[in-house]
Amino acid sequence: MLDPKDREATGARLLSSSARNSYDPEIDIDWDAPLAEGKAYLPLHRVSLYGTEIWERLTPEQRIELSKHEIGSVASVGLWFEIVLIQLLARYVYDKDPRTAHAQYALTEIGDETRHIVMFAKAIERFGLPRYGPPRVVHELARAFKAVSGGASMFASVLVAEEITDRLQRSMMDAEDIQPLIRMVNRIHVVEEARHVRYAREELVRLMPTLGKAKLELHRLVTAVVGFAIVDSLIDPNVYKSIGIDPAEGRRAALRNPHHQATRLWMGEKITEFLGDVGMIGGRSTKIWRRAHLLP
Ligand SMILES: [Fe+2]
Ligand SMILES: [Fe+2]
């Protein structure tokens, strides 16, 4: 388990690390570089239909095409959540003393996320992909979530979103058989997200002991529901149109696919272990994590 340092010490360290090691996607990525022929956009065994009957019928080109649409969907949903996060952080810092390193780091993180959103959006545009996103109902419910959410479940929900995508991105950043542009985007994101994860994890460890029994159950429930919504939204069913498969049929096959269920579990492994350790997973809402395939 994590030993939370003094808030100010952590804030100061994260600010100095940000000053030394931050990226500007406009400058640090060559957007005009040609795409690599025959390279996948997502490791093929992480594609939602991998191993299904539909998958067996696809040509190698169609498999790569689907990997492109799925990474586009993950990036679209990721950047949508980053917009939510910007509002959460802006509301969080509203009451904080701007002279503190803790507040200044929250503001710095807003800056990071702004650049990430533009980076993901440019990648989606570069690949010629449609605008994917979470289901309409999730999009609308998030409007309320980002306006009212706060405290332990806010940090825990943010960690679920950041850490499940981080797991996927880390696994790809050094993979030779993945598109170089994707690898570069992942590398930039992994470096900057490591600081966000540190900030949110420490804050969560500080907040957990302040929750009474009823509040703990409420924050557990909110985190489980938001975690479920995020992981379940990552693959927009419209991606299946790219290989001529009806969206509802593709989604049904993915949800039943043991490989896809294992991928969800693998993506959630690190964050669910942490949330279990700090007590944010437990009680009645544990079954929601299981239904989301984030716990076995
Ligand atoms: Fe980000
Ligand atoms: Fe982040």
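Counting starts at 1 for both ligands and their atoms, following the listed order.
- Here Glu162 reaches the Fe ion (ligand 2): one of its N/O/S atoms is less than 2.8 Å from the metal.
- Glu113 contributes OE2 as its N, O or S atom closest to the Fe ion (ligand 2).
- In this model, a donor atom of one side chain and an acceptor atom of the other lie less than 3.5 Å apart for His116 and Glu192.
- We find that Glu249 and Arg252 are not joined by a salt bridge, their nearest charged nitrogen and carboxylate oxygen being 4.0 Å or further apart.
- Side-chain contact of Tyr132 with His69: a donor-acceptor pair under 3.5 Å is present, judged by distance alone.
- Distances from the Fe ion (ligand 1) to each N, O or S atom of Glu193 single out OE2 as the nearest.
- Remark: the Ser18 side chain and the Arg195 side chain contain an N/O donor-acceptor pair separated by less than 3.5 Å.
- Glu56 has its side chain out of reach of Thr52: every pair of non-hydrogen atoms, C-beta onward, lies at least 4.5 Å apart.
- When distances to the Fe ion (ligand 1) are checked against a cut-off of 2.8 Å, Asp112 contributes no N, O or S atom below that limit.
- The Fe ion (ligand 1) is closest to atom OE2 of Glu82 (considering only N, O or S atoms).
- Not a single N/O/S atom of His196, whether from backbone or side chain, sits less than 2.8 Å from the Fe ion (ligand 1).
- Note on Glu192: not counted as a metal contact of the Fe ion (ligand 1), no N/O/S atom lying under 2.8 Å.
- Taking the N/O/S atoms of His116 in turn, the shortest distance to the Fe ion (ligand 1) belongs to ND1.
- With hydrogens and angles ignored, the 3.5 Å screen pairs no side-chain donor or acceptor of Lys96 with any backbone N or O of Gln104.
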